[in-house]
Amino acid sequence: MTTTFPFEAETDSDQLKTVGTGAVRIDGVDKISGAAEFVDDIDFGPGLLHAAIVESPHAYARIVSIDTTEAEEAKGVVRVVTGEDFPYKFGMYMEDRYIFAQDHVRFVGEQVAGVIARSHRQAVQAAKLIKVEYEVLEPLLDPKSAVAEDANLIHPDLDDYAHVPWFFPKADTNIAHWRKIRKGDTEKAFAEADFVLEDTYTVPRYAHCAIEPHVTVSRLDHADRLTVWTASQSPHTQRHLFAEALAPLGFTHKDVRVITPYVGGGFGGKAGVSMEILGAAMATLVKGRPVKLRFTREQEFYNTYQRQGVVAELKVGVMNDGTITAVDHKLFWDAGAYVEYGANVVNAAGLSATGPYRVPNISNDSLCIYTNLPPGGPYRGFGYSEFHFGLESHMDRIAEAIGMDPVDFRRKNAIQEGDELSYGAHMNPSGMIEAIDKVAAAIEWGVEEETDNPNTVMSKGIACFWKAPAMPPNASSASFLKFNEDGSLNITVSGMELGQGYLTVMAQIASEILTVPVEKIRVETPDTDRNPYEWQTVASHVTWSSGLAVEKAAIEARAKIFDVIHQVYGFEDESLYLENEAVRCSTDPEFVKPLRDFVIDGIQTEEGTWRGGPIIASGKFMPEFTNANSDPETGQGGHPNVHYTVGCTGVVTEIDRDTGRVWVRKAALAVDAGRAINPDLVKGQIVGGLVQGLATVLYEDMRFDEDGKLLNPNFTDYKIPTAFDIPDEVVPIIVEVPQPDGPFGARGVGEHTMIAAAPVIANAVYNAFGTRIKSMPVTQEKIAMALLEKGSG
Amino acid sequence: MEFTVKVNGERWDIDAAPADVLLDVLREKIGVKSPKIGCERGDCGSCTILLDGKTVRSCLVLAVEVDGQEITTVEGIGYEGLSQLQDLFISNNAFQCGFCAPAIVLSATELLDSNPNPTRHDVQEALAGNLCRCTGYEPIIEAVLAAAEGGAK
Amino acid sequence: MVIAKEFDYQRPTTLEEATQILAGHPGSARVLAGGTDLVAWLRDDAVAPDLVVDIKAIPDLHDIKIDGDTLHLGSLVTFSDLINSPIVSEHAPLLAEMAETVASTGIRNRATLVGNICSAVPSCDAGPVLLGYDTTVHMIGPDGTRSIDINDWFVGLRETACAGDEIVSHLTMKVPVHGGVYVKLMRYAGEDLAQAAVGIVAYPGDEYRVAFGAVAPTPIRSTRIEDALRSKPLDEKLIAEVVAMVADEISPIDDIRATAAYRTRICEVMLERGLPAARERLDGTGPAYGTRLI
C-alpha cells in the first residue's frame, strides 16, 4: 500500500462506548410524531406566491415565439417569466444549462416559461394560456445514434462550455466527456488469454422516486438578500451555483442563503441543482414575496435528474486457472440533454469499470453522450450499478465457460489491499474475500434448495460490488461544536439528514470522544449562513468526511477542556481523560470535574478569578492525497478516488416457470463498512438499498415513446416496491476492515448496497433456467417470454 | 362552501371551494402538516389520514365531502404521548427520511385496531398502499408485529 | 396536480333528488361516490364537469343483503366492505378475493364496487367476476327505475349502458352454490392494475363461467370456452383444449404494462391454474380464497 494518510483517526476499538452501538436515532421522535418539518410544511403567511412551469412538448425544437399576453392578464397572475429574463448558464461540473430554455428545447418537459400567481390554482390555470410556437427538429434518442458520424449536434457550442479540468469534451460531436483508461497491453493479453468473452449489456433509465417531491421556496427580501428553502442534498453547492448563475444580477455568496430542513429522501435526485434554480431565479422578480415551486410527481419524473441509461460493450480475457488478465469495457452513456452533473457519473464509472478485481491490462472508454432525453444525473450508485449489471453477469459466464465455480472465480480475482488500480494508485484495505465467503455461507452456496410447488424452480445467484466516492479531489467537510450550560452539545454540520441517520452518526462520533451521551447532543440540518461548509451529501462520503470533521472538532474541544483544567489545577494534559461527562486524571484518581460545571462559565481559581469560558470548537476535513490530474489518453498519473468500499450480494430465488415471477426467498448482503459507527443504521442501508436495487432489475424502468416522451411518469406505471415486494428474509452482514483515515475506521456504505442487485438476479435466473438476460430490467415478462421461446424453439 | 369537520378532536368550521382537495385544506387551512403531498393521485399513500377511523387518501377526497366527519392524523395519535406503536417505530428504526412515516403509522394503527394479532402477511397487506423508498419495509413490518405482540395499539 | 377547473358541488339525500339534479345538468355533471377515480381524473383534467353530485348522503346505498340466493349490493358498497362482510364471505367469497387485489386498503376503504364498473376501464377488477354470475344492474333515472343484465353493461372502452342522467342504485347477483377464482396478473406482488385477469365461476353440473379482464376494450366473457367445458369432467385434456382456445377469445394490446403476447400467454396459464381451483372450491376442497395462483 503506497497511500499515506495525513490524519490517522482514533481507533482503539476495544474501549469504544458509543461508536459501534445501535444508538437510537436522534431524529426519531421528530419523524414519528409528525413534528419533522419538510420544506413544503413551512408556513410563509399570506404573502406566499405560487409558481407553475410551462414545459416543452417536444424532444428537440427551436423556440419560434412565446406569447404570454393572455397569461399576464389572467386572474391572480403576478409575473410571467421566460428565458429572456435569465440568459445565464450554469452547471455543476460543466456549464451547459440555462435556467429557462433560450432558443432551443432539448427534451420533453424542459422549462420554457413560468407563471407566478397568488394561488397554486391560478398559476396552473395561467400557465395553460401561454402559447409557444416551435419548429420541431429531429431528436436523438439513443446514445449509439448520437455518436454516429452524421448525427446532428445537440450542443453545437460544446467547445465553449466551461468545465472541470478532468473532463474531456470532443468538439463537433455529441460527446461531452470521454474518460479513457489505458493500462498494460490489452491487445497482447487478449491474444494470450485462454478464454475471451465479449458481449453487450443494456441498462435503461431509472427514477429516484424519493417520496417527497422537489420543492423550493425562495424570497428576495427588501434588502436584496435571497433566501432559498429547499429540499436538497447540497445546500452549500446550491448556494454556490445560485450565486454564480445569478451573479449578473449582482448577487454574491454573502447575499444568498440556503436553508434545508429535513429532506424526504434523496438517492442522488436532490443533489446539485435542478428545479431549485427556477424558484430562486423567479423570486428575484417579485421582491419581498416568497415564491413556492413544488414539482408534481410527473415533473419529478421528467424534469429532475434521471439515472442514465448505458450500452456496455464488455470484453474480458482469462487464463484457464481463472486469472483475469484483461478487461476492455466500453460504456456508451445516454446522458441526456444536459450533462452538467451526469458527466461525472460517466467519469466515475470509467475509472472503476473493472469492478472489484485485480486486472493488469485495462482499456476503459466511458463516453458521456448528449441525447434528447431528460438530463441524466446522480443516482445512488453513481454509474456503478449500471456497469456492474454487465460485468457481474459476465463473471458468472466466464466462470462457467472455464469450468470454475463463480464464487471461487471471484475469490481468486478479488481486489485486495495494495493491488494496483486502473489509474495507477493502490487499493485501500478491503474485506472483499471475507464478504464473499460470508455471503456464500449465508445463502448456503452450492446446496440445492427444494420446493414443493410444481410451477417453480429454486436457484441462487451471487455478485460482487465496489464503489468509490466520486467527488472533486478537494471536496471538503467542516463542523462547529459548542457546549451548553448543562454539558449538552450542539453540533452544526452541513451534511444532510436524508434518512440514512447522518445526524445520529455525527452525534455518536462526538459522543465517543467527549463522553456526552447521544441523547444530549443536538445536530441540526443546515442553514448556509450558520452551518459550516459541506460540499454535498452524496457519494456515500459524509460518514467518512463529515465524520472526520466532527471528530476533529471534538478532539479540539477536548483539548480546550483539558487546557482549562491544566490552567486551574496544574494537571498535565496527558494525564487527563474524559469519563461519563467529566474530566478525570490518571495521576489523581480522586479528581472528578463534571463538564456541566465549567464548559460555559469556566472555573474559578483560588484567587477568585475565572479561567475557561464557553467551549467551542471547529473541525474540517479535506483529503490531501487526491489528485484529479491525469493523462487524458490513458487516465494514468492521478489519484482521483479516496478509497473503495467493497462487498458481495447473494440471493436464493424461486421463479415461476410460466409467469416468470421471481420471489427472493432469501438475500444476504455483506459490505465492508470499515467500522460500523452504528450497525443498526448500516443494516438499514443494507435492507433499503438492496430492495431499491432489486426493484431496478425486477420491474422498474423509464419508458419513452418514439418522440422522446416519458410514458410512465407516475407510480401507476413506474412501479416501486411495496411492502409485498421485498425478500422473505435479508441477512445483513457487516464486514469491518478499518479504513486507516476513516473516523474510527469507518467508510461509506449508503450507495453500495444496491449495486449488485441487478446482476445477482440475472445470475439467479440463469442458474434456474440456463437463460441469460442481458438487458435490464429482468422482468417477469422477459423471463417468461424467453422461457416460452426456449421451450418451443 | 362551508362545512364542519373534527380534526384530532378539535372542531373546525371551514370555507373551501368544492375543487379544493382535503389534503390541501388540512395542510393550508387547518395547519396539520403530517399528511404529505407525494403523488396527488392515490398511488403513494403519504397523504393517508384516518377518516372516521378508516384510512383514506386525502389527496383523492374533496374537502367538502367530509362535512360532519372526524379526522385523525399522527399529531392526534401521539398528542397525549407517543403510542406504543410509535415508540416501536423509533426503537426499530422503522423509518429513515420520515416523509412517509406519519401515514404508515396510521395504516398500522388501523390494522391493529381491527386485528390485534396480525400475521406478517396481514401487516404487508395493511402497508401495501404506503410507498417507502428508504427502508425496504422490513423494519416497519417488524415494528408493527412487535406492537401486536406487545398487545398495544 | 391541483384541480385547475372549479365546479359546483351538491349532496342530495335521496336518489330521486339526485336524478333530478343530474337531469338539470345534462352532460355537465358527474356522480361522486368514493372519488378514487373521479378526483384523480379531475386533477388530470381528464374530466371537467360544472357540477359534482355526491351521493354518499343517500341512505341505504351501503347495504349488503342476502335474500334466498340473491345477493344485494348497494352502490356505495366499498371493496373493504366486500372483504369484511360475513354475508359476502359466506355466499360469494370470490368477491372478497377479487376485492383484495384492488389497490390497497386506503383506496378500498373509499372505492366502490359499482364505481369500478361505472368507470369501466378494461382492467376493472369487478368486471370478470361479476360476469361470472347472473348479475343485474339496477338504475334510477328521470323516467324511473331500470334493470339490465351485466352482460349488456359494458358497451365499450370506459363506456357503459348507464345514461348520463341515471344513477346505479344497486346490484343483484344470483349466488347459488358455486366455486370461483379471480386470477390477476400484476407486474409485482404489490398494488397494481391488472395486466390481464381471469374470473372463473364453477357451478354444479360441470357448468362454468369464464371471463377475462384487460385483454379487450371491456371485460369479456368467453361463451365458447364455457360451451367447451359444459357437462364434461374437468380433466387435463379438457383444460388443455380450452387453454388452446384462449388466444382466439381475447384481443389484447401491447402497452406499457405488458405485451399482447405475454398477456395471451398468462391468460392461458391463469385459465390452466384457475379452472381446477374453481372446480375444487365448488367441491369444498381447493386452495383457500385469497390464495394467489400466480
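To find a chain, count down the sequence lines: A is the first, B the second, and so on, and within it residues start at 1.
Looking at A/Asp30, there are no atoms closer than 4.5 Å to chain B (heavy atoms on both sides), in backbone or side chain. For a residue to count as touching a neighbouring chain, one of its non-hydrogen atoms must lie under 4.5 Å from one of that chain's; by this rule B/Asp20 touches chain A with backbone and side chain alike. Neither the backbone nor the side chain of B/Ile104 comes within contact range of chain A; no heavy atoms are under 4.5 Å apart. Residue contact with chain B, scored on non-hydrogen atoms closer than 4.5 Å, is absent for A/Asn678. With a 4.5 Å cut-off on non-hydrogen atoms, B/Leu131 touches chain A through its backbone and its side chain both. A/Glu298 touches chain B through its side chain: at least one heavy atom from C-beta onward sits under 4.5 Å away, while N, CA, C and O do not. Neither the backbone nor the side chain of B/Ala126 comes within contact range of chain A; no heavy atom of the residue lies under 4.5 Å from a heavy atom of that chain. No part of B/Ser91 comes within reach of chain A, as not one of its non-hydrogen atoms sits under 4.5 angstrom from that chain. In this structure, chain B has heavy atoms under 4.5 Å from both the backbone and the side chain of A/Phe724.
Salt bridge absent: B/Glu75 and B/Lys33 never bring a charged side-chain N and a carboxylate O closer than 4.0 Å. Under a 4.0 Å N-O distance rule, the pair A/Asp40/B/Lys36 does not qualify as a salt bridge. Taking 4.0 Å as the cut-off between side-chain N and carboxylate O, B/Glu142 and B/Arg120 do not count as a salt-bridged pair. The pair A/Arg297-B/Asp43 does not meet the salt-bridge criterion, since no charged nitrogen lies less than 4.0 angstrom from a carboxylate oxygen.
Per-residue heavy-atom pair counts under 4.5 Å with chain B were compared for A/Ile720, A/Val687, A/Leu498, A/Val691, and the maximum is reached by A/Ile720. In terms of heavy-atom pairs under 4.5 Å with chain A, the best-connected choice from B/Glu28, B/Glu40, B/Arg27 is B/Arg27. Heavy-atom pairs under 4.5 Å with chain A were tallied for B/Ile37, B/Thr73, B/Thr135; the largest tally goes to B/Ile37. Ranked by non-hydrogen atom pairs under 4.5 Å with chain B, the options A/Arg294, A/Gln500, A/Arg25 are led by A/Arg25. Of the listed residues B/Asn92, B/Asp24, B/Val74, B/Val123, the one with more heavy-atom pairs under 4.5 angstrom with chain A than any other is B/Val74. For chain B, the option among A/Thr722, A/Val24, A/Val29 with the highest count of heavy-atom pairs below 4.5 Å is A/Thr722. Here B/Cys39 is the residue among B/Ser46, B/Cys39, B/Ser34 with the most heavy-atom pairs under 4.5 Å with chain A. Ranking A/Gly265, A/Gly501, A/Pro213, A/Ala35 against chain B, the residue ahead of the rest is A/Pro213, based on heavy-atom pairs under 4.5 Å. Chain A forms the most heavy-atom pairs under 4.5 Å with one residue out of B/Pro35, B/Pro102, B/Ala128, and that residue is B/Ala128.
Atoms CD and CD, on A/Glu300 and A/Gln306 in that order, are 11.0 Å from each other to the nearest 0.5 Å.
Aromatic pair A/Tyr718/A/Phe301: centroids less than 6.0 angstrom apart. A ring-centre distance under 6.0 Å is found for A/Phe38 and B/Phe99.
Tested against A/Arg380 for a side-chain hydrogen bond (donor to acceptor under 3.5 Å, both in side chains), the candidates A/His208, A/Gln692, A/His752, A/Glu751 yield a single pass: A/Gln692. Exactly one of B/Leu22, B/Val66, B/Asp13, B/Leu26 qualifies for a side-chain contact (heavy atoms from CB on, under 4.5 Å) with B/Val5. That residue is B/Val66.
Within a 6.0 Å radius of OH in B/Tyr79, no more than 12 heavy atoms belonging to other residues, nucleotides or ligands are found.
Checked by atom type and distance alone, the side chain of B/Gln86 pairs as donor or acceptor with a backbone atom of B/Ser83 at under 3.5 Å.
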